Amino acid sequence: MKTVKVMNIVVGDGIPKLVVPMVGKASQELIEETKIVANYGADICKIVAMPNTTTDVLTLLDATNEMRIFLLIAQL
């Protein structure tokens, strides 16, 4: 089986990893979900966003930085 490295997580090696899908239409929804998921020790968060416009896509990309901060803080 091949392995895949996502940041510091190696998928396909060692114990099974916990991947949590986060679904939302707005960046604020995804940020709120991130705050909840961060407390449960997910290894990988999969963002499933359904933007309506290009502006929404750019807003979601900006929100990923804030989401990453919440997840990094939870690892400390």
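Quantities reported herein were computed from a predicted structural model and do not represent experimental measurements.
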Option among D13, V10, V11 that satisfies the side chain to side chain contact (heavy atoms under 4.5 Å, CB included) test with K5: V10
Shortest non-hydrogen contact between K35 and N39, atoms and distance: O-ND2, 3.2 Å
D43 side-chain N/O to V19 backbone N/O, donor-acceptor pair under 3.5 Å: no
Residues in side-chain hydrogen bond (donor to acceptor under 3.5 Å, both in side chains) contact with Q28, at least two apart in sequence or another chain: E32
Nearest atoms (heavy-atom pairs only) where I31 meets A63: CD1-CB, 4.0 Å
Distance-minimising heavy-atom pair for E33 and M22: OE1-CA, 3.3 Å
Nearest heavy-atom neighbours spanning V23 and L30: C-CD2, 3.8 Å
